[in-house]
2 protein chains.
Amino acid sequence: MGRRVEPVRLAGKNGRMRREQPGPDALVRSAYIAHRHFVEGRTRIEIAEETGLSRFKVGRVLDEAVSSGLVTFQIASPSGIDLDLSIKLTRAFTLDRAVAVNVPSEQPEVMQQYLGGTAADLVTEILTDDDVFGLTSGRTINALARALKTLPSCEVVQLAGIAGPIQETGIETIRRVSAIAGVRPWTIYAPLVASMASTAEGLLQQPEIRDTFAQFARVSVAVVAVGSWNPADSQMMQNPALGAEDRDKLVARGVRAEVGATLVGDGGEIIHDLDNRCLAIPEAQLRRIPQVIAVAGGAAKTEAIRAVLASGLVHSLVTDAATARRLIGA
Amino acid sequence: MGRRVEPVRLAGKNGRMRREQPGPDALVRSAYIAHRHFVEGRTRIEIAEETGLSRFKVGRVLDEAVSSGLVTFQIASPSGIDLDLSIKLTRAFTLDRAVAVNVPSEQPEVMQQYLGGTAADLVTEILTDDDVFGLTSGRTINALARALKTLPSCEVVQLAGIAGPIQETGIETIRRVSAIAGVRPWTIYAPLVASMASTAEGLLQQPEIRDTFAQFARVSVAVVAVGSWNPADSQMMQNPALGAEDRDKLVARGVRAEVGATLVGDGGEIIHDLDNRCLAIPEAQLRRIPQVIAVAGGAAKTEAIRAVLASGLVHSLVTDAATARRLIGA
DNA sequence: AATAATAATGCTCATATGAGCACACCGATT
DNA sequence: AATCGGTGTGCTCATATGAGCATTATTATT
């Protein structure tokens, strides 16, 4: 083969080629070299010996092929994760981890199914025997529990009281998770919000609840839901113990989102007005957990998520691709 | 620790996985590393420092990302050249160059337009002032001439007499090319085939024709058309000087294709029966040209092209993508 | 519990690669 | 002619990388 293995002229007309497009020969030659290197894994030196070019020339052809866009790198996930968005999200908010999940529909149930499933995969992946796993309650967290198949035998701690109706977000979430882990769960048999501070104080005296609260300091990995107060998409907010008056007052105070029972304003500031009526991990202890993963998605929650990310309460995020785009882009 | 019998352990202490599918975290992490390396061009060591991994680990993640298909290399041409096919074609027939052109239609005129255009780009690219450029005639070569915009000032030599009707494949092809090169052309004012050997011999005595024939030895780059004799798609074959009797006899002899006036059989063997009635570069001299580029395409010519490639008469090929696929046998 | 089998990690050292430089070449300009 | 600027080339040398190996961590088996 190699009939002309002499110094190749990539430029036509004795190098009189200016900023023109490469001709067919240069194109095919570049493509061949790129294929040989990137796809077949040959070294530049091997290609140089084959083609009779210098290794420097091969390197330059390769660089040019990449920078001109002749060669592009496609990073595509076989699973339903948008890797590119995930990376952008990680960077945009300086997160430990971010996962943007492709969901087939924006319907809440479908969304919860997918986010919960992915979050389940995520915690299955990162939890170890030595971890202490904390969870809040909520529909998405419930979907997570249902999607869990296996888990290391780590302890499981409920981080917050029950936010919504019992049948939806029951204690069974924690029970299921701890059953999979094969350990006894630390539960909180109480509502997330009490009507009066005195009630909350009373509940906190209960031995079981105190025991659970005592575990908060040991939690190493937590998964938390995010509720939106404006627009309203939060089980905590809809809790009957919270009167319309309280709600309005808090929204007027700038509450945009909640994590557990920690209320977050638009800029990420924490609003403590309701603290003494809540049964959940306090902000200070939440911040001490090394890895807090928020799981939330949907258009309505976009700004709530943004607020939570600004608060620095969470280190990681699992959300849907559309919401990821909204968070990053416009 | 943990003496209890666990169900199924998927993850080890440090989140290590067995031969399971990577979880979302590993996936995003790999994607991030791959992005940083391939797209952003960071070295493995830089990425190692950023991420806290060892450079070996980064290398392994990268290898795994490539071999698992997470990262794919896409080599796509902005122009109408199918680079992948071109490479396969080059390899399958051990060619110097091969270009597979995407054509919007299989119609002969459209095909000629595209092949001629690409061939024009190709010769514009590879010719230098010191080359001597040889051409046969034919409709595709004519399209090449029309598509030519610039050319080094190299000499232009007509390699074969006129194959078809004057109006279609006239001498003007050569005239146009040489005009662009800015030099005097070496022409052959004569038909490709004569009715009788004596006529051909007589024409060969003509000073102008002898002068042109004398240039054959100097030709360094040639572009040739390919005609198909079975199925019939060749202007030479349809030349009136070739009687039906001659045609049938030659086809019966196994002629499958022609290059200039060199007849080629199925296995690539040369059939010399008609040599003494033709006015064209002889096989021996054609073989001495360092770079002979065949330009031909279309379903009907597939087997003719295959025969010509087998003959070793040409070093390079410009064809349409569909024909390239047929030739490769994919 | 002990031990084998397996997998993952980081090391050494030889090799491959990149950055910058000097040179050659071409075309344009004085 | 002479010179200049631009471009393409291959060199040197410091750095990055790969192959193979020893070590450790983890899982499976006795």
Side-chain angles (χ1 to χ4, degrees), chain A residues 5-23 25-26 29-30 33-34 36-38 40-68 125-131 150 152-154, chain B residues 1-23 25-26 29-30 33-34 36-38 40-68 125-130 150 152-154 182:
Chain A
V5 188
E6 347 158 340
V8 206
R9 327 189 85 108
L10 286 174
K13 256 194 184 179
N14 267 349
R16 213 176 101 180
M17 176 167 168
R18 306 188 195 287
R19 278 280 144 231
E20 290 167 26
Q21 295 212 351
D25 186 46
R29 206 183 186 86
S30 299
I33 291 174
R36 202 114 179 87
H37 178 69
F38 291 113
E40 301 180 40
R42 304 283 148 180
T43 83
R44 289 151 165 75
I45 291 180
E46 285 176 302
I47 297 169
E49 284 165 358
E50 278 173 17
T51 58
L53 303 173
S54 74
R55 71 181 181 85
F56 305 99
K57 181 64 188 170
V58 172
R60 282 172 189 132
V61 168
L62 250 18
D63 289 347
E64 174 63 21
V66 172
S67 67
S68 72
E125 183 185 4
I126 67 172
L127 281 175
T128 73
D129 287 358
D130 304 327
D131 278 315
T150 60
S153 59
C154 60
Chain B
M1 305 290 290
R3 296 284 69 86
R4 56 171 43 262
V5 181
E6 302 128 359
V8 180
R9 296 276 316 270
L10 282 174
K13 193 179 176 185
N14 292 329
R16 287 186 208 113
M17 302 282 298
R18 289 197 298 160
R19 281 268 162 246
E20 306 286 336
Q21 296 245 346
D25 185 46
R29 202 182 189 83
S30 299
I33 291 174
R36 201 114 179 88
H37 178 69
F38 290 113
E40 300 179 42
R42 304 284 149 180
T43 81
R44 288 151 165 75
I45 291 180
E46 284 176 303
I47 297 168
E49 283 164 358
E50 278 173 18
T51 58
L53 302 173
S54 73
R55 70 183 182 83
F56 305 97
K57 180 66 185 168
V58 173
R60 281 172 189 134
V61 168
L62 250 18
D63 289 348
E64 175 64 19
V66 172
S67 67
S68 72
E125 183 185 5
I126 67 172
L127 281 175
T128 73
D129 287 357
D130 304 327
T150 59
S153 58
C154 60

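Note that the structure is predicted; figures quoted are calculated from it, not measured. Computed from heavy atoms alone, side chains included, the values below leave out hydrogens, waters and symmetry copies.
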Before giving the answer on side chain to side chain contact (heavy atoms under 4.5 Å, CB included), spell out for A:Leu53 and A:Ile33 the whole-Å C-alpha distance, their side-chain angles and the decisive distance to 0.1 Å. CA-CA 11 Å; A:Leu53 303 173; A:Ile33 291 174; 3.8 Å; yes
Atom pair distance, as rounded to whole Å: [atom1] in [X] and [atom2] in [N]:
X        : N      : atom1 : atom2 : result
A:Arg42  : C:dT17 : CZ    : C1'   : 18 Å
B:Phe56  : D:dA19 : CZ    : P     : 12 Å
A:Ile33  : C:dT17 : CD1   : P     : 13 Å
A:Asp129 : D:dT27 : CG    : C1'   : 13 Å
A:His37  : D:dG18 : NE2   : C1'   : 13 Å
A:Ile45  : D:dG18 : CD1   : C1'   : 12 Å
A:Glu46  : C:dT15 : CD    : P     : 13 Å
A:Glu49  : C:dA16 : CD    : C1'   : 12 Å

Quick one: are A:Arg29 and A:Val61 in side-chain contact, heavy atoms under 4.5 Å? no
Pairwise side-chain contact, A:Pro152 with A:Thr128, heavy-atom cut-off 4.5 Å (strictly under):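 No, every pair of side-chain atoms sits at 4.5 Å or beyond.
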Tell me whether the side-chain N or O atoms of B:Arg44 pair up with the base of D:dG18 as donor and acceptor below 3.5 Å, since no angle test is needed here.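 Side chain to base: no pair present.
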Any N/O donor-acceptor pair, A:Arg60 side-chain to C:dG18 base, under 3.5 Å: no
Starting the side chain at C-beta, find the nucleotide from [options] nearest to [X].
X       : options                : answer
A:Arg55 : D:dT17, D:dT12, C:dA16 : D:dT12
B:Thr43 : C:dT12, D:dT12, D:dA16 : D:dA16
A:Lys57 : C:dA19, C:dC13, D:dT9  : D:dT9

So does B:Glu50 pair up with B:Arg36, basic N to acidic O under 4.0 Å? yes
Please check the phosphate of D:dT9 (OP1 and OP2 only) for any side-chain N or O of A:Ser54 closer than 4.0 Å.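 For D:dT9, OP1/OP2 do not have a side-chain N/O of A:Ser54 under 4.0 Å.
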On a heavy-atom basis, which atom in B:Ala48 and which in B:Ser54 lie closest, and how many Å separate them?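 Smallest interatomic distance, heavy atoms only, reads CB-C, 3.8 Å.
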